[in-house]
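Nothing here was measured: the structure is a model prediction, and the numbers come from that model. For reference, positions follow the sequence shown, starting with 1.
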Amino acid sequence: MSMMRIGGLASGMDIDKIVGDLMKVERAPIDKLKQKKQLLEWQRDAYRDMNRLLDALDKQIFDGVMRQSTFLQKKVTSSNENVVTATATPSAANQTVEISNITQLATAARWTSDAIQTVGTFDPNAKLKDVTFIVGGVTPVNLTSPLNVKLAVTDPSGATKNVEISIDPNNDTLQSVISKLNQRGDLGVNAFYDNVTKKVVINKKETGAGASIQLIEGQELFQAFGFTAALNNFELTGKTDGQNAKFTINGLQTERTSNTFTINGMTYTLKNTHAGTVTITSSTNTDAIFNSIKSFVDKYNETIDEINKKLKETRYRDYQPLTDEQREKLTEKQAEKWEEKAKSGILRGDSILSNALSSMRQALYRKVDGVADGFSQLAQIGITTTPNYLEGGKLIIDEAKLRQKIEENPDAIYRLFSNNGEGNAKGIVLQLRDEIKKTIKSIEHKAGNTLKTANQYIIGKSILDIDTRISAAEDRLKRVEDRYWKQFSAMEKAVQRANSQSMYLMNAFGGGAQ
């Protein structure tokens with residue numbers, strides 16, 4: 001039920017201001033609770049920022065120095081890339097190969113029709129039933145009945161398969177028939193119609209000698225399309241044979257159905273014929289491996305630098321979160337600067353982060369058992385701690401030494417990082433990831449994550465408790481304000497009555513006579 005509030009009409013007092021000033025005092029405990037809640041929310045968000053930072057480092061490790069393929073990257077060079085190029089699989093041994101006497105490149109078989117002849121102008125998009133084809137320049141042919149084209153397709157490898165394609169002259173056109181040919185993966189061709197020469201060309205996708213297309217059924221369709229000598233149970237006419245690539249590799253004369261082929265983990269691509277010799281060399285890709293390690297070191301340094309900043313950040317205790325009333329008195333810029341000070345040092349000296357830095361350093365600096373001599377510690381491969389203690393244990397790289405170690409034994413470096421062992425035989429980045437995951441779990445226990453409700457982590461429970469206390473205090477505040485207003489309203493009524501009585505007496509005793 002609403003209450004009539006009389007604002008000083010009788011007494012002349014500014015009741016609104018008086019009650020407002022009284023309520024400021026009463027509201028002070030609530031403002032303190034709201035400030036405490038804000039600090040907890042800032043702390044929660046700061047913790048989660050640290051977890052995102054650690055998670056990014058963990059992902060960088062997983063995608064980089066933890067993978068064996070990172071340390072098996074190969075660099076392949078060719079003495080003449082216009083003739084031969086090559087790539088190497090990570091498992092391929094370092095090797096030098098000579099390719100010479102490339103007498104021919106592999107080509108694909110091709111079938112080319114004669115020019116299509118029709119009565120009147122030919123439209124490749126016209127329905128087949130509406131076109132009168134002239135076969136052999138003499139015989140008019142109309143395709144009206146559905147056709148079941150059957151082909152026996154032989155690949156350069158010698159494998160043969162039967163392919164069937166249904167053609168309906170009432171719906172199909174030359175272009176739709178070509179699309180059907182191209183869409184059949186088991187046929188393996190690229191076909192097209194050239195509107196200038198009026199010829200159909202069918203190219204086998206695979207290169208090499210021995211490919212063929214035998215026409216089992218459907219000679220009338222291919223004859224109409226210009227393959228005028230096409231007969232059932234014979235090779236499709238207009239053929240240009242494919243051929244194998246012929247060359248010599250390390251003194252061995254050989255041939256391949258494709259210009260791209262793989263031998264001993266090396267994939268070669270022949271680009272041109274060549275009478276001379278091309279030398280292909282594969283070696284450890286030192287630059288790529290070095291860059292992967294450097295990326296890890298940079299990310300690690302970036303992570304511990306950010307954590308150290310939070311641990312050492314100055315705490316300005318005189319700058320508490322702004323109340324609503326305080327914020328109204330400041331400009332937006334002033335409020336931003338104030339909050340920047342208020343947030344500063346929110347994680348200063350935090351034990352979870354301090355322990356994390358310590359355990360991460362220990363994981364990286366220890367010796368890994370079972371790894372080749374000279375590769376069992378980071379320092380042995382040229383990665384050490386900066387001598388400046390103010391940098392909090394950042395890593396620095398001796399580039400020359402690390403490159404030398406990579407060229408010497410990249411697999412041993414991989415074992416140092418990611419050896420799949422137990423205890424002291426476990427690789428350093430595997431141990432580092434274990435420590436990262438422990439820290440992330442500890443932070444989530446205290447500050448949660450976006451998937452957790454407030455009652456599932458410590459700070460969240462504290463925030464919920466403060467919300468309950470604020471709600472209770474707000475209810476109490478309303479009751480206090482109502483009491484003040486009742487009291488002042490009663491006073492106003494009393495003053496009004498006194499004024500009325502005084503006026504009555506004055507009038508009664510002639511106080512108002514002239």
Side-chain angles (χ1 to χ4, degrees), residues 54 56-75 88-94 282-305 307-308 354-389 391-440:
L54 290 167
L57 173 60
D58 184 66
K59 285 183 170 63
Q60 208 274 353
I61 293 170
F62 180 78
D63 293 331
V65 292
M66 182 178 158
R67 295 183 180 273
Q68 188 173 22
S69 58
T70 297
F71 297 90
L72 298 177
Q73 298 180 75
K74 299 295 181 181
K75 178 173 65 176
T89 61
S91 60
N94 293 341
S282 70
S283 58
T284 300
N285 194 340
T286 302
D287 287 341
I289 298 173
F290 175 86
N291 289 335
S292 294
I293 296 174
K294 186 177 184 301
S295 293
F296 158 67
V297 170
D298 290 343
K299 189 66 176 179
Y300 173 81
N301 286 343
E302 173 192 326
T303 302
I304 67 168
D305 185 51
I307 294 175
N308 273 314
S354 297
N355 292 336
L357 287 183
S358 177
S359 61
M360 288 165 66
R361 281 195 291 265
Q362 290 176 10
L364 287 180
Y365 302 157
R366 66 187 185 82
K367 181 179 179 181
V368 179
D369 293 342
V371 179
D373 290 343
F375 292 86
S376 59
Q377 289 180 293
L378 277 182
Q380 294 178 336
I381 65 170
I383 302 176
T384 55
T385 307
T386 174
N388 184 354
Y389 75 94
E391 293 185 329
K394 285 186 177 180
L395 300 176
I396 55 176
I397 297 175
D398 181 337
E399 183 172 334
K401 185 173 183 179
L402 179 56
R403 287 182 179 276
Q404 176 190 343
K405 288 292 187 177
I406 291 171
E407 291 174 1
E408 184 180 333
N409 194 341
D411 184 66
I413 298 178
Y414 164 70
R415 298 297 170 193
L416 167 63
F417 282 113
S418 300
N419 193 53
N420 188 19
E422 298 293 334
N424 291 334
K426 194 171 189 176
I428 57 173
V429 297
L430 296 183
Q431 183 67 32
L432 178 60
R433 291 191 76 207
D434 289 343
E435 298 303 330
I436 289 172
K437 289 173 182 176
K438 287 180 186 176
T439 302
I440 289 175

- Message: In the structure I gave you, are the side-chain heavy atoms of T284 and E407 within less than 4.5 Å of one another anywhere?
- Response: no
- Task: Please report the shortest heavy-atom distance between V368 and R415, naming the atom on each side.
- Result: CG1-O, 4.4 Å
- Give the C-alpha distance, both sets of side-chain angles, the deciding distance and a yes or no for side-chain contact (heavy atoms from CB on, under 4.5 Å) between T385 and R361. CA-CA 10 Å; T385 307; R361 281 195 291 265; over 6 Å; no
- Task: Provide the closest heavy-atom pair for S292 versus Q73 in the form atom of the first, atom of the second, distance.
- Result: OG-NE2, 4.0 Å
- For Q377 and R366, the nearest pair of non-hydrogen atoms, with its separation, is CG-O, 3.9 Å
- Quick one: does I289's side chain get under 4.5 Å of I413's, heavy atoms only? no
- Task: Take T384 and D398 through the side-chain contact (heavy atoms from CB on, under 4.5 Å) test and state the conclusion after the steps.
- Result: CA-CA 8 Å; T384 55; D398 181 337; over 6 Å; no
- Task: Check whether any side-chain heavy atom of L57 sits under 4.5 Å from a side-chain heavy atom of R433, and report yes or no.
- Result: no
- Task: Can you spot which of N285, T89, N94 makes a side chain to side chain donor-acceptor pair (under 3.5 Å) with K74?
- Result: N94
- Item | Minimum heavy-atom distance N409-A372, with the two atoms named | ND2-CB, 4.4 Å
- Message: Angle between ring planes, Y414 versus F71, binned at 30° and 60°: parallel, tilted or perpendicular?
- Response: tilted
- Query: So do V429 and F296 actually touch side chain to side chain, heavy atoms under 4.5 Å?
  - Reply: yes
- Query: Can you name the closest pair of heavy atoms from A363 and Q431 and give their distance?
  - Reply: CB-CG, 3.6 Å
- Message: Tell me whether the count of non-hydrogen atoms from other residues, nucleotides or ligands lying under 6.0 Å of CG in N388 goes above 12.
- Response: yes
- Can L430 and M66 be said to form a side-chain contact (heavy atoms from CB on, under 4.5 Å), step by step? CA-CA 8 Å; L430 296 183; M66 182 178 158; 4.0 Å; yes
- Under a 4.5 Å cut-off applied to non-hydrogen side-chain atoms, are L416 and Q380 in contact? no
- Task: Could you tell me which non-hydrogen atom of K405 sits nearest to which non-hydrogen atom of I381, and how far apart they are?
- Result: CG-CA, 3.8 Å
- Item | Pair R67 + D63, salt bridge at N-O below 4.0 Å | yes
- Query: Side-chain contact, heavy-atom cut-off 4.5 Å: M360 with L54?
  - Reply: yes
- Item | Validation row: I61, F417 side chains within 4.5 angstrom (heavy atoms) | no
- Item | Sole candidate of D298, T386, I304, I383 that passes side chain to side chain contact (heavy atoms under 4.5 Å, CB included) when paired with L395 | I383
- Message: Check this for me, if you would: do D305 and K394 make a salt bridge, where the nitrogen-to-carboxylate-oxygen distance has to be below 4.0 angstrom?
- Response: yes
